Amino acid sequence: MQAKNVPFDNYTLCSSLTASSSIRTLNIGKQLHTHVVKSGWISNVYVGSSLVDFYVKVSIINDAVNAFDEIPVKNIVCVNALLSGLTDAKMWVQGLDLVQKLYALGLDYDLFTLSAILRVCAGLSAIELGKQVHARLIRKNVDIKYDVFLQSSLIEMYGKCGLVEKAKNVFDLTETARGGERNRDVVVWTSMLSCYGRNGQFKDVIRVYELMVANEVTPDAVVFVAVISACRHTGNVSLGLKYFESMVHDFGLQPDYEHYGCLVDLLCKAGELEKAWKLMSASNSRASISVWGALLSACVDYGNVEMGKLAANKALELDSKNVGIYVLLSNLYANVGMWNEIEELRDLMKEKGLKKDVGCSWVDVIS
């Protein structure tokens with residue numbers, strides 16, 4: 001189009017920015033931004049919204065904020081685009097500041113905005129504001145049980161604020177939709193599982209998971225992190241192994257480092273170090289340094305020097321300068337009186353220029 005001197009219109013610019021964000025081509029997006037400003041298209045709220053959305057999707061939030069500020073006349077679409085980026089980046093305070101500007105901009109909330117505000121409330125544990133949003137939804141006669149995004153946002157908000165019964169009340173509202181059909185998708189179920197897990201109600205995590213499967217809702221990888229973690233906290237090794245195997249064989253999901261981490265931690269706490277080692281050895285390098293560290297920590301507790309050394313070597317292959325691994329290995333040697341090995345370890349740390357961080361604590365006194 002440029003070669004043939006065909007002028008861009010707003011549809012062309014919006015489509016080009018959307019394409020640039022989809023393939024994450026930052027340079028082209030910035031060139032389009034320059035053209036938008038020079039040609040005056042920044043005054044078009046749809047082009048401006050696409051520009052904000054572009055920067056959000058390529059995770060450059062500061063540029064998204066600048067692009068938002070450049071739009072002379074804003075609508076709720078561009079606000080939602082920026083608010084989504086701020087919440088995804090966990091910039092909760094900035095998100096709240098943006099919400100507070102809505103009245104000054106002469107704009108009102110839509111359902112997407114309210115859902116995003118609930119995420120901000122969850123991030124800040126701002127329960128009073130969260131309750132106000134819930135009350136507004138009720139006053140606007142919004143039927144929450146037909147909107148899975150609002151359902152999950154409300155459950156997450158109440159769960160992170162410790163109000164489990166409130167979260168359960170919202171979850172119970174979603175039981176049936178029109179015609180008696182189930183209206184709980186996997187996101188809503190996951191939100192309730194996470195709520196119970198976050199508040200230490202691990203038996204309820206397992207109960208809700210079994211209910212979810214009985215309702216023929218297919219769990220995803222996030223669900224299995226929650227249920228295996230619940231087994232870890234309850235010390236139920238056989239059930240944790242059952243869910244791990246079910247994840248692979250019944251649902252065709254590939255475990256990642258989080259699943260291996262939860263299961264290894266479960267096995268280690270139960271003293272099943274050999275099983276943990278075999279599992280990690282068969283994981284095809286999916287074990288992270290934290291997982292090897294968990295096994296090493298268990299070896300310290302149970303005095304298993306040989307396996308501890310193997311776990312430490314595996315961890316140091318991933319990060320040769322991880323001071324925590326050296327400290328754990330030193331503790332393992334100290335527990336069994338291997339003082340020469342400790343001295344060698346200290347010399348190795350000095351050679352690598354490593355040293356243990358000094359801990360500190362403080363108390364704020366308000367006069």
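None of the values given here were measured: they were computed from a predicted structure. Numbers here are sequence positions counted from 1.
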Query raised in the report: Is Ser281 reaching over with its side chain to a backbone N or O of Trp277, donor-acceptor style, under 3.5 angstrom?
Result: yes
Query raised in the report: Do you know which two heavy atoms are closest between Asp108 and Ile76, and how far apart they sit?
Result: O-CD1, 3.3 Å
Query - Atom CZ of Arg136: over 12 foreign heavy atoms under 6.0 Å - result: yes
Query raised in the report: Below 4.0 angstrom, N of the basic side chain to O of the carboxylate: do Asp301 and Lys269 qualify?
Result: no
Query raised in the report: Does Leu83 offer a backbone N or O that forms a donor-acceptor pair with the side chain of Asn80 under 3.5 Å?
Result: no
Query raised in the report: CG of Leu345 to CD1 of Ile325: how many Å apart, nearest 0.5 Å?
Result: 11.0 Å
Report task. For the residue pair Asn169 and Tyr158, establish whether any side-chain heavy-atom pair is separated by less than 4.5 Å. Result -> no
Report task. Measure the CG-NZ distance between Leu316 and Lys321 for me, rounded to the nearest 0.5 Å. Result -> 12.5 Å
Query - Point-to-point distance, once rounded to the nearest 0.5 Å, from NZ of Lys57 to OG of Ser59 - result: 11.5 Å
Query raised in the report: Do side-chain atoms of Ser330 reach the backbone of Tyr326 as a donor and acceptor pair under 3.5 angstrom?
Result: no
Query raised in the report: With a 4.5 Å heavy-atom cut-off, do Val93 and Leu96 have their side chains touching?
Result: no
Query raised in the report: Between Glu344 and Trp339, does a side chain to side chain contact (heavy atoms under 4.5 Å, CB included) hold up when you go through it step by step?
Result: CA-CA 9 Å; Glu344 291 174 5; Trp339 309 114; over 6 Å; no
Report summary line: Nearest heavy-atom contact between Leu273 and Ala298 is CD2-CB, 3.6 Å
Requested in this report: Give the C-alpha distance, both sets of side-chain angles, the deciding distance and a yes or no for side chain to side chain contact (heavy atoms under 4.5 Å, CB included) between Lys168 and Ile155.
Outcome: CA-CA 7 Å; Lys168 186 177 181 300; Ile155 293 169; over 6 Å; no
Query raised in the report: Hey, quick one: are Val248 and Met280 part of the same hydrophobic cluster, counting side-chain heavy atoms closer than 4.5 Å, chains of contacts allowed?
Result: no
Requested in this report: Check whether any side-chain heavy atom of Leu107 sits under 4.5 Å from a side-chain heavy atom of Leu102, and report yes or no.
Outcome: yes
**Report entry** Least distance between heavy atoms, Leu266 atom then Val237 atom
**Finding:** CD2-CA, 3.8 Å
Query raised in the report: So, the side chain of Ser246 versus the backbone of Lys242: is there a donor-acceptor pair under 3.5 Å, distance only?
Result: no
Report task. Indicate the atoms forming the closest heavy-atom contact of Ile228 with Cys262, along with that distance. Result -> CG2-CB, 3.6 Å
Query - Backbone of Ala230 reached by a side-chain donor or acceptor of His233 within 3.5 Å - result: no
Query raised in the report: With the 4.5 Å side-chain cut-off for hydrophobic clustering, are Val73 and Leu82 part of the same group?
Result: no
Query raised in the report: Do the non-hydrogen side-chain atoms of Arg232 and Leu263 ever get within less than 4.5 Å of each other?
Result: no
Query raised in the report: Is there a side chain to side chain contact (heavy atoms under 4.5 Å, CB included) between Gln151 and Leu173 once you walk through the steps?
Result: CA-CA 9 Å; Gln151 293 164 18; Leu173 284 175; over 6 Å; no
Query raised in the report: Does any non-hydrogen side-chain atom of Trp92 lie less than 4.5 Å from one of Lys90?
Result: yes
Query raised in the report: How many angstroms lie between CG in Asn215 and OG1 in Thr218, if you round to the nearest 0.5 Å?
Result: 11.5 Å
Query raised in the report: To the nearest 0.5 Å, what is the distance between NE2 (His259) and CE (Met247)?
Result: 3.5 Å
Requested in this report: Decide if atom CD of Gln100 counts as having more than 12 heavy atoms of other residues, nucleotides or ligands within a radius under 6.0 Å.
Outcome: yes
Query raised in the report: Which heavy atom in Ala294 sits nearest to a heavy atom in Asp265, and how many Å separate them?
Result: CB-OD1, 4.5 Å
Requested in this report: Please check if atom NZ in Lys166 has more than 12 non-hydrogen atoms from other residues, nucleotides or ligands closer than 6.0 Å.
Outcome: no
Query raised in the report: Does Ser84 reach the main-chain N or O of Ala81 with its side chain, forming a donor-acceptor pair under 3.5 Å?
Result: no
Query raised in the report: Taking atom types as modelled and ignoring hydrogens, do the side chains of Asn322 and Ser320 form a donor-acceptor contact shorter than 3.5 angstrom?
Result: no
**Report entry** Side-chain (Thr113) to main-chain (Asp110) donor-acceptor, under 3.5 angstrom
**Finding:** yes
Report task. Look only at the side chain of Asp220 and the backbone of Val222, and say whether a donor-acceptor pair between them is shorter than 3.5 Å. Result -> yes
Query - Phe224 and Phe244, any side-chain heavy atoms less than 4.5 Å apart - result: no
**Report entry** Exam field: side chain Ser49 to backbone Val45, donor-acceptor pair closer than 3.5 Å
**Finding:** yes
Query raised in the report: Is Val99 linked to Phe112 within one hydrophobic cluster, defined over Ile, Leu, Val, Met, Phe, Trp and Tyr using a side-chain heavy-atom separation of less than 4.5 Å?
Result: no
Query raised in the report: How about Asp53 and Ser50: does a side-chain donor come under 3.5 Å of a side-chain acceptor?
Result: no
Report task. Check step by step if salt bridge (charged side-chain N to carboxylate O under 4.0 Å, His left out) holds for Lys278 and Glu274. Result -> CA-CA 6 Å; Lys278 288 178 181 178; Glu274 291 291 339; 5.6 Å; no
Report task. Determine whether Leu111 and Leu137 make a side-chain contact, defined as any pair of heavy atoms from C-beta on separated by less than 4.5 Å. Result -> yes
Query raised in the report: Quick one: CD1 on Ile342 to CG on Asp347, what's the gap to the nearest 0.5 Å?
Result: 12.0 Å
**Report entry** Residue Lys314 excluded, over 12 heavy atoms near NZ under 6.0 Å
**Finding:** no
Requested in this report: Answer with yes or no whether the hydrophobic clustering places Ile206 together with Val225; edges join I, L, V, M, F, W, Y residues whose side-chain heavy atoms lie under 4.5 Å apart.
Outcome: no
Query raised in the report: Please walk me through it: do Tyr55 and Asn62 pass side chain to side chain contact (heavy atoms under 4.5 Å, CB included)?
Result: CA-CA 8 Å; Tyr55 283 119; Asn62 288 336; over 6 Å; no
Report task. Check whether any side-chain heavy atom of Val47 lies under 4.5 Å from a side-chain heavy atom of Leu51, and answer yes or no. Result -> no
Query raised in the report: Are Val148 and Ile138 linked, directly or through other ILVMFWY residues, by side chains that come within less than 4.5 angstrom of each other?
Result: no
Report summary line: Tightest non-hydrogen contact, residues Cys161 and Cys121, listed as SG-O, 4.4 Å
Query raised in the report: For the side chain of Asn75 and the backbone of Val77, is there at least one donor-acceptor N/O pair under 3.5 Å apart?
Result: yes
Query raised in the report: Given Trp189, which of Tyr196, Tyr209, Phe171 fulfils the ring pair (Phe, Tyr, Trp, His ring centres under 6.0 Å) condition?
Result: Phe171
